[in-house]
Protein chains: 2
Amino acid sequence: MASITEVARLAGVSIATASRVVSLADYPVSPATRARVLDAARTLDYVPNALARGLLKSQIPVVGVIVHDITDPYFAEVVRGVEDAASPAGYLVITCSSERDAVQETSYVRLLRSMRAASVIFAASGLDDPGQTRELHKHLAAMRLDGAAVVHLSPHALGDADVGVDNEAGMASMVAELVRLGHRQIAFLAGPSALVVAHARLAGFRRGLADAGLGVDERLVVHTSFDRDGGALGVDALLTGSATFTSICCANDPLAMGALARLAELGIDVPGAVSVAGFDDVPVAAMTSPALSTVRLPLREMGRRGFVEAARVLDGGELERIVLPTELAMRGSTAPPAIEAIAGRGVSLGAGR
Amino acid sequence: MASITEVARLAGVSIATASRVVSLADYPVSPATRARVLDAARTLDYVPNALARGLLKSQIPVVGVIVHDITDPYFAEVVRGVEDAASPAGYLVITCSSERDAVQETSYVRLLRSMRAASVIFAASGLDDPGQTRELHKHLAAMRLDGAAVVHLSPHALGDADVGVDNEAGMASMVAELVRLGHRQIAFLAGPSALVVAHARLAGFRRGLADAGLGVDERLVVHTSFDRDGGALGVDALLTGSATFTSICCANDPLAMGALARLAELGIDVPGAVSVAGFDDVPVAAMTSPALSTVRLPLREMGRRGFVEAARVLDGGELERIVLPTELAMRGSTAPPAIEAIAGRGVSLGAGR
DNA sequence: CTGAAAGCGCTTACAG
DNA sequence: CTGAAAGCGCTTACAG
């Protein structure tokens, strides 16, 4: 590949001058010289070496996004948002599926640091485990010191999201809506108790109930994994428990979809016998049957704004903490409760009910 | 950030020696010296500068994956596969959502070239438009010359996939299965006629019919976009057309899901009145209702093998052309045909049928 | 086993 | 407006 040296030689100028024109530097160069350099660059199919430039700046126009799993539509949306904002600015996006594993996450961040990525954006909520993450934070601190932008899109062990939503308020609004529909016995599939974002949503559930003057029946709060399997298992746990309920509120959409699938298997009608609500509004939420009522998060916008904030920091500005609005997306999986609540313990599962 | 110079100074050795130990070079260094260097590196929180190393090698351990859209589960799966193979090898994955736009694709590849990415993997099929892509191929040729690995996971304007599936055979096997179920009037939602991979699947449809001794009713072959909207539009086109059919075979899953949704809207029972089949087996295909019968592509494995082939080339080997097997995944959306075929023209849409 | 030195391809004071 | 030179942080012949 042609280097700037060859471009300069072909154009008959110094490499300094060649650099000034090809790098679009704001520096006076005579029009004739400029034209000759541009010509030479075109002739030689010159493409600047971003590594050399990056070495000088100690930074390369690349942003790493840490996600739980890129095949999870939540994260795919966020990453796409980052890309939509980053791409016009000439930044490339590196996806890092950490599976919420601290070791993997650290290894990714170290790699990002080694290549002097301009920014790392955490799309996934961290686990509430500060001990595990000392090395991670060492890397992040070093990167920040070096001018890199670190942006969180979810609450994490060390603080709130930089660009995010009010998870607690969003969940409380869903609870309020279920109460408005007439529900009084609302179960909650809470996800993993160690996940920071799950905390916030559980807090929202409690607040929603409190706002309605209702108490929390702790037997109806179930912790599971944050995926479909957790939703199915959660339903089983509720049905074998001792408390009755007319609706199930879930801390995210996968949980709700798993619950929907398990209830269908058991022949329990949604929303006839029980209402189900999710949280996130991933694109598939509108395609389940019945379609899932959920809390819409502006996922793509979160990604976009995440990059915008990163760019602000790279420009020497301060991170602005941003809270984006959530919105209820009520669909077919919720309705006023049936006369009788779904019973817990004592009801045999799978018996065609 | 500490550089190797500082590590060398702290360890009391030359930077050459320091480099040999921190870069894990296969070069004799006395154990005592090695230990001192490692110690210094740890003390200084030394992380090697990948940009400096890359500048020397004219290559950085990064692989770019060109996809249509990372929020499309097909591509998310493939990217995850690439990441699963790339990550243990110390490579980072850059996602490029090109929206099948030649200009964007070229711009991404140029950026990848400028940062001397070790490899670019095309997950998306190209458009059959060699004119549009001259500049793209100039960049790719330059990268290849420079030792980068270019791998195609789908057929493209200039040739077959390097790591892919036999789209034609896969589609033919689905047609054979529909015929086995008793279908004789099979419609085909073909996707865009300019998309190379769509060609192959249409060819498979024709071959499957020919193998069964059936002719192709061209009135039942509909070209639309490659997404849900195309599926819905395709159904409308078929219903207002003049030919009858008992099943709809789709060139990919989004088309099939769009068809399913539209048929449900129209009150047409699947698979009672008409069978619907997809192609790809993206994860959501199992979650529609009825669950979608489709042709399973080993998407994640395609991504993984794509990186493995890239690594082979980077190691100085030759690209091995690999064809991965497809598999039928028959689910609830297909069944033997009803006595009467669905009629086209003359049936009023949306009239509760 | 160790080190001095060249060089990868750029940008940017500095001098003219 | 133009150019010579230093230097970013590494690796790697080459010499010892």
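The chains referred to below are lettered A, B, ... by the order of the sequence lines, with proteins before strands, and numbering in each begins at 1. Since this is a predicted model, take the numbers as computed values, not measurements.
Within 4.0 Å (heavy atoms only), A/L51 reaches no atom of the nucleic acid at all. Among the protein residues, B/S23 comes within range of the sugar-phosphate backbone only, with heavy atoms under 4.0 Å from sugar or phosphate atoms but none that close to a base. As judged by a 4.0 angstrom heavy-atom cut-off over every strand, A/S3 is placed among residues touching the sugar-phosphate backbone only.
Across every strand in view, C/dG16 sits in a pair with D/dC1 that passes the Watson-Crick or G-U test at under 3.5 angstrom.
B/Q59 has its CD atom 15 Å from the P atom of D/dT11, to the nearest Å. In this entry the distance linking CZ of B/R53 with P of C/dC10 reads 21 Å, nearest Å. For B/I60 and C/dC8, the CD1 to P distance is 19 Å, given to the nearest whole Å. Across the protein-nucleic acid pair, A/I4 atom CD1 and C/dT12 atom C1' stand 12 Å apart, rounded to whole Å. Atoms CG (A/L56) and P (D/dG7) sit 12 Å apart, rounded to a whole Å. Following rounding to the nearest Å, B/M1 (CE) and D/dC10 (C1') show an atom-to-atom distance of 15 Å. Rounded to whole Å, the distance from CG on B/N49 to P on C/dC10 is 16 Å. Rounded to a whole Å, the CG atom of B/D146 is 14 Å from the P atom of C/dC8.
Listed for the A/T133 side chain is no donor-acceptor partner under 3.5 Å among the backbone atoms of A/L136. In this structure, the side chain of A/D69 does not engage the main chain of A/S97 through any donor-acceptor pair within 3.5 Å. For A/D146 (side chain) and A/A148 (main-chain N/O), no donor-acceptor pair under 3.5 Å exists by modelled atom type.
Within the structure, every side-chain polar atom (N or O) of A/T33 is placed at least 4.0 Å from both OP1 and OP2 of D/dC1. For A/Y27, no side-chain nitrogen or oxygen approaches OP1 or OP2 of C/dC14 to under 4.0 Å. An OP1 or OP2 oxygen of D/dT11 is reached within less than 4.0 angstrom by a side-chain nitrogen or oxygen of B/S19. In terms of phosphate contacts, A/K57 brings no side-chain nitrogen or oxygen within less than 4.0 Å of OP1 or OP2 of C/dC10.
Between B/R113 and A/D45 a salt bridge is recorded (basic side-chain N to carboxylate O distance below 4.0 Å). For B/E6 and B/R9, the salt-bridge test fails: no basic side-chain N is under 4.0 Å from an acidic carboxylate O.
The side chain of B/S14 sits closest to C/dA4 out of C/dA4, D/dT11, D/dT2. Of the candidate nucleotides D/dG9, D/dT12, C/dC10, D/dT12 has the atom nearest to the side chain of B/R20.
Distance check on atom P: D/dC10 versus D/dC14 gives 24 Å, rounded to whole Å. For the C1' atoms, the distance from D/dG16 to D/dT12 is 16 Å, rounded to whole Å. D/dG7 and D/dG3 are spaced 22 Å apart, taking the P atom of each and rounding to whole Å.
Each of B/T17 and B/R116 lies near DNA chain C, and the nucleotide nearest B/T17 is the one positioned closer to the 5' end.
Minimum interatomic distance between B/S114 and A/P48 (heavy atoms only, all atoms of both residues): CB-O, 3.4 Å.
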